[in-house]
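Counting convention: from 1, in listed order, for ligands and their atoms alike. Heavy atoms only: backbone and side chains are in, while hydrogens, waters and symmetry mates are out.
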Amino acid sequence: MAFLRILFQVACVVVMLSNMAAAAVASLAKPNCQHRCGVVEIPYPFGTTKNCYLNDKYFINCSNSKPLLGNLIVNNINSIEGELEINASIAHHCFENSRTGVIGYENHPYLRVPNFTISHTKNKFVAIGCDTYAFLNAFQNDEPFSIGCTSTCQSLINVFDGSCLGLGCCEVQIPKGLKNFTLDARSYNNHTKVSDFSPCSFALVAKEDEFNFSSSYLKSLQDIDTYPMVLDWAIGNETCETARSKPDYVCGRNSACYDPQNGDGYRCKCNKGYKGNPYLHEGCQDINECLQAPKPCNATAKCINTEGSFNCTCPDDYEGDGKMNGTGCSPKASGSHAKIIIIALIAISIGLMVLFVGGSSLYCGLKRRKLFKLKEKFFQQNGGLLLQQKLSNDRTSMQAVKIFSIGELEKATNNYDESRVLGQGSYGTVYKGVLPDNKLVAIKKSKFCDQSQIEQFINEMIVLSQINHRNVVKLLGCCLETEVPLLVYEFITNGTLSKHIHDKVLSSSLSWEKRLKIATDIAGALAYMHFSTSMPIIHRDVKPANILLDDNYSAKVSDFGTSRLVPLDQTQLTTLVQGTLGYLDPEYFHSSQLTEKSDVYSFGVVVAELLTGKKAISFDGPEIDRNLAMYFSSAVKEDRLRQILVDDLVSDGNIYEINKVANLVKRCLSVKGEDRPTMKDVAMELDGLRSMEKHQLGKAYLGTEETDYCVTPPAVHYFNIGIDDGSCSSTSTSTAVGYEISMRTQVSKPLDDGR
Ligand SMILES: *[C@@H]1O[C@H](CO)[C@@H](O)[C@H](O)[C@H]1NC(C)=O
Ligand SMILES: *[C@@H]1O[C@H](CO)[C@@H](O)[C@H](O)[C@H]1NC(C)=O
Ligand SMILES: *[C@@H]1O[C@H](CO)[C@@H](O)[C@H](O)[C@H]1NC(C)=O
Ligand SMILES: *[C@@H]1O[C@H](CO)[C@@H](O)[C@H](O)[C@H]1NC(C)=O
Ligand SMILES: *[C@@H]1O[C@H](CO)[C@@H](O)[C@H](O)[C@H]1NC(C)=O
Ligand SMILES: *[C@@H]1O[C@H](CO)[C@@H](O)[C@H](O)[C@H]1NC(C)=O
Ligand SMILES: *[C@@H]1O[C@H](CO)[C@@H](O)[C@H](O)[C@H]1NC(C)=O
Ligand SMILES: *[C@@H]1O[C@H](CO)[C@@H](O)[C@H](O)[C@H]1NC(C)=O
Ligand SMILES: *[C@@H]1O[C@H](CO)[C@@H](O)[C@H](O)[C@H]1NC(C)=O
Ligand SMILES: *[C@@H]1O[C@H](CO)[C@@H](O)[C@H](O)[C@H]1NC(C)=O
């Protein structure tokens, strides 16, 4: 590294030295002549001493270290453009006392530069003042002429900096060929009315790109005598054509002669690729373009400096001029190669076409077959064979459940159109579908399918196919040809019970009678599932989000994804804990012993929710009130039921019934499963109340009623259960290892899958 750094430093020094050498070579003065006077560079043909200038015309008097051309101060000499910048006098016309008209100060400066021409492109004639007119007087072709302009203004309102359009300032272009002039500034009214802000008139010939009018000039130019202007210079008084053949022709090597636009004589300039002073014999030096920035050659190309130019050489296998602003370097594709490639391409494309025509028919056939294979694969994967086998064993369900094809369901949902989405959750999406016979269905499409759950899915199919109850959502069929099985349910029109309880508007139309009917319906459905099917079926996830209402407020229990058939010889089933926080039976949660009583507990929570309008778990209020089951039980026990009921629920006619239901709920919410009534008992009691209500036998009575067990559920209900929806079964399937008990801290919201 150190070595490299030294090498780099050496290289830098070399570059610096060569630059200095170049600067020395580039001196614009004649060799051994003073090339600078003060800060001004003096290029040949100008010079400060004899033999250093071309002739007297170009003599610069530098005796005071100030360059003087005659009596003019020189600011700059430009040998490339043939220009000379001098300071020329400003014409003043001021009134010391405008009231008396006594002239304070006036001058009429002139400029005589017979050996030079006043640049008509770089200068302009300017007059400044608010009561002003001014002239430039000169001769052209021995004839006098004047140019001038007028500037008047009453105040400074219309005078703007940078604007020289006749208000405070006016300007005129300079004619060509001007060699001497006089400036004359005047006023119309001796500045009487404007003396406060414009006491003078000024006239000047100013270097155009330097002069920028400022309103402050109206006063401040009084203190300034001169202003820069530009002269053009040339050699002799002949054109290039004549001069070139003359012995005193001055243009040096590698330079060319040109005739200026303004004035007599000729000028020299270096050829392209050279720089320096063209008026010196060896003045124009080759430019080493390779050392310039930006680099003239493409990075891949090698730069070779040549006299007056440079060569960029691309690497061997590249072509192009290598120039940065040319064609650069690009990889070679030589002519013969290109031909071969083109012929090859044609041959290949003909071949491809033949292949395509022949192959496309073959391909289409293969693809169709592949699709068919895929469908078949999914069908098997999704347990289609298992299902077919199971269904064929049970003729009744065979008729009930239909196996749909992909096409049928795509058509029914308009290719799963977004407008058809009924609900969406972590489990997947439910679509509204229309079957060819105009029957409305709900199609459930799960997000992904865990192959290990296939058996469970088939179980669900079997379970559902066995249930035929007016308060249970009917499974119409399924589709096993897709990667994730699709389930087709009967369409229930009025949405979930959850929506009806918690929506303010919907809830207000839920009368006591409707609520009691809903509770009775659910109880009936669960009692049926527990006791009237060939094998007891435990729902395991009873919650308002899984209960749908139709237009008559008939409740329909849905979502049997977590259902398990209970073999007759077993009263308890050890399974993975599944369910929803807030509705989950604490006993089941602790022991993983699943019984029908778990559904009884969940049912109790649902009815408590129906009575109070509160969520099973709420996240506000005192901790003791967050769990609805606990909250409800303690309210019943402490005889403050009335305070927690839905507003306007209680009337004289139903207090007795409400009280009965509340006590029933309390029993359902018992911590010990054995203390809970069976779903059959619950359904019978509710049925009794319903028929009693019909006979208007309700008594005004709301008070304590002795209950058998008043054990408040423990705080263990606060837990975080990993509900992991989205398996091919229709709802929650949490893994046993996936949940954890974390008292009070990690309470997760109950999931409402929103149908
Ligand atoms: C003009 O040039 C001539 C020589 O060509 C010289 O004698 C004369 O002094 C110059 N005039 C001025 C004003 O520099
Ligand atoms: C140069 O200018 C000075 C005054 O600044 C004058 O005294 C001197 O004579 C001039 N020299 C020539 C050669 O004109
Ligand atoms: C100005 O130059 C012209 C030639 O262009 C000449 O005729 C005239 O006499 C000069 N004026 C003065 C004052 O030198
Ligand atoms: C002239 O001055 C004005 C105001 O100071 C400024 O806006 C403008 O850019 C200037 N123009 C030039 C050419 O410098
Ligand atoms: C301007 O002043 C001159 C005297 O310097 C006088 O003759 C003339 O009348 C004045 N003009 C005006 C318009 O006041
Ligand atoms: C030339 O005039 C400009 C503007 O008035 C001034 O700033 C500069 O100092 C003058 N140059 C010389 C050498 O007097
Ligand atoms: C050119 O200048 C020379 C002397 O410098 C003079 O003799 C000649 O008359 C001039 N020619 C023209 C056309 O002005
Ligand atoms: C520069 O390149 C051109 C063509 O690319 C070639 O003719 C010429 O000889 C080259 N010159 C040098 C000095 O390499
Ligand atoms: C290429 O560069 C040269 C000098 O660097 C320039 O004169 C020329 O205009 C450029 N050409 C293009 C096409 O930019
Ligand atoms: C060099 O030339 C090639 C081809 O023209 C171009 O793709 C590449 O950008 C160039 N490299 C540079 C640094 O300009």
Side-chain angles (χ1 to χ4, degrees), residues 29-30 33-34 36-78 83-94 105 107 109-116 118-119 121-129 134 136 151 153 156-174 181 183 185 197-198 200-231:
K30 220 173 173 180
C33 288
Q34 188 182 354
R36 214 169 253 279
C37 180
V39 295
V40 179
E41 175 102 41
I42 309 293
Y44 188 78
F46 292 87
T48 55
T49 51
K50 219 163 178 59
N51 298 323
C52 283
Y53 47 84
L54 179 62
N55 59 46
D56 290 349
K57 187 177 160 180
Y58 306 98
F59 168 60
I60 301 290
N61 184 345
C62 195
S63 59
N64 283 337
S65 292
K66 246 188 184 175
L68 285 175
L69 183 73
N71 59 358
L72 298 169
I73 297 169
V74 175
N75 293 334
N76 184 35
I77 302 171
N78 181 337
E83 287 171 357
L84 187 73
E85 187 186 308
I86 56 157
N87 264 18
S89 297
I90 299 174
H92 296 245
H93 183 73
C94 298
Y105 175 62
N107 70 338
Y110 57 86
L111 184 73
R112 292 196 175 84
V113 282
N115 292 335
F116 301 99
I118 292 148
S119 171
T121 53
K122 299 277 173 84
N123 301 304
K124 59 192 175 187
F125 170 74
V126 179
I128 292 167
L136 178 150
S151 164
C153 31
L156 292 178
I157 288 176
N158 296 316
V159 176
F160 300 110
D161 287 1
S163 160
C164 193
L165 300 168
L167 293 167
C169 172
C170 63
E171 63 186 30
V172 175
Q173 286 200 326
I174 301 283
F181 62 76
L183 295 176
F197 55 90
S198 174
C200 303
S201 292
F202 306 104
L204 65 156
V205 171
K207 189 181 174 186
E208 191 156 19
D209 54 11
E210 197 156 305
F211 180 82
N212 189 4
F213 174 68
S214 156
S215 57
S216 68
Y217 286 177
L218 288 170
K219 276 191 164 174
S220 68
L221 279 185
Q222 282 182 92
D223 308 324
I224 298 173
D225 291 329
T226 62
Y227 203 86
M229 64 171 282
V230 178
L231 301 176

TODO: Identify, for atom 11 (N) of ligand 2, the protein heavy atom at the shortest distance, and state residue, atom and that distance.
DONE: Asn61 ND2, 2.8 Å
Task: Trace of the side-chain contact (heavy atoms from CB on, under 4.5 Å) decision for Val40 with Asn75 - done: CA-CA 7 Å; Val40 179; Asn75 293 334; 5.7 Å; no
- [ ] For Ser63, counting its heavy atoms only, list the atoms of ligand 2 lying under 4.0 Å from any of them.
- [x] 1 (C), 2 (O), 3 (C)
Open item on the list: Which residue and atom name correspond to the protein heavy atom nearest atom 13 (C) of ligand 6, and how close is it?
Closed with: Ile73 CG2, 3.3 Å
- [ ] Verify, without hydrogens or angle tests, whether Lys66 (side chain) and Ile73 (backbone) share a donor-acceptor contact under 3.5 angstrom.
- [x] no
TODO: Please report which non-hydrogen protein atom sits nearest to atom 10 (C) of ligand 6, along with the residue it belongs to and the distance in Å to one decimal place.
DONE: Asn87 ND2, 2.3 Å
Task: Contact check: Asp161 vs ligand 4, nitrogen or oxygen atoms, below 3.5 angstrom - done: no
- [ ] Return yes when at least one protein heavy atom is under 4.0 Å from atom 2 (O) of ligand 6, and no when none is.
- [x] yes
Open item on the list: Can you check atom 7 (O) of ligand 6: any protein non-hydrogen atom closer than 4.0 Å?
Closed with: no
Open item on the list: How close do Arg36 and Val39 get, counting heavy atoms only, and between which atoms?
Closed with: NH1-O, 3.5 Å
Open item on the list: Only heavy atoms of Pro228, strictly under 4.0 Å: list the atoms of ligand 6 that pass.
Closed with: 2 (O), 3 (C), 4 (C)
Task: Residues, nucleotides or ligands: over 12 heavy atoms within 6.0 Å of Glu210 CD - done: yes
Open item on the list: Taking the ring centre of each residue, are Phe202 and Tyr227 less than 6.0 Å apart?
Closed with: no
Open item on the list: Once you measure the plane-to-plane angle for Tyr217 and Phe213, does it fall in the parallel (<30°), tilted (30-60°) or perpendicular (>60°) bin?
Closed with: perpendicular
TODO: Taking the two cysteines Cys164 and Cys170, decide whether their SG atoms are closer than 2.5 angstrom.
DONE: no
Task: Minimum-distance pair of heavy atoms, taken over all atoms of Cys169 and Phe211 - done: SG-CE2, 4.3 Å
Task: Nearest-neighbour protein heavy atom for atom 4 (C) of ligand 2, which is reported as residue plus atom name and distance - done: Asn64 ND2, 4.2 Å
Open item on the list: Only heavy atoms of Asn212, strictly under 4.0 Å: list the atoms of ligand 4 that pass.
Closed with: 1 (C), 2 (O), 3 (C), 8 (C), 10 (C), 11 (N), 12 (C), 14 (O)
- [ ] Please name the pair of heavy atoms, one in Val230 and one in Lys207, separated by the smallest distance, quoted to 0.1 Å.
- [x] CG2-CG, 3.6 Å
TODO: Under 4.0 Å from a heavy atom of Asn75: give me the atoms of ligand 6 that qualify, with their elements.
DONE: 11 (N), 13 (C)
TODO: Using a strict 4.0 Å cut-off to heavy atoms of Phe59, name the atoms of ligand 2 that fall inside it.
DONE: 12 (C), 13 (C), 14 (O)
- [ ] Mark up the atoms of ligand 6 that fall under 4.0 Å of a heavy atom belonging to Ile224, in ascending order.
- [x] 5 (O)
Open item on the list: With respect to Thr226, determine whether any N or O atom, backbone or side chain, lies less than 3.5 Å from an N or O atom of ligand 6.
Closed with: yes
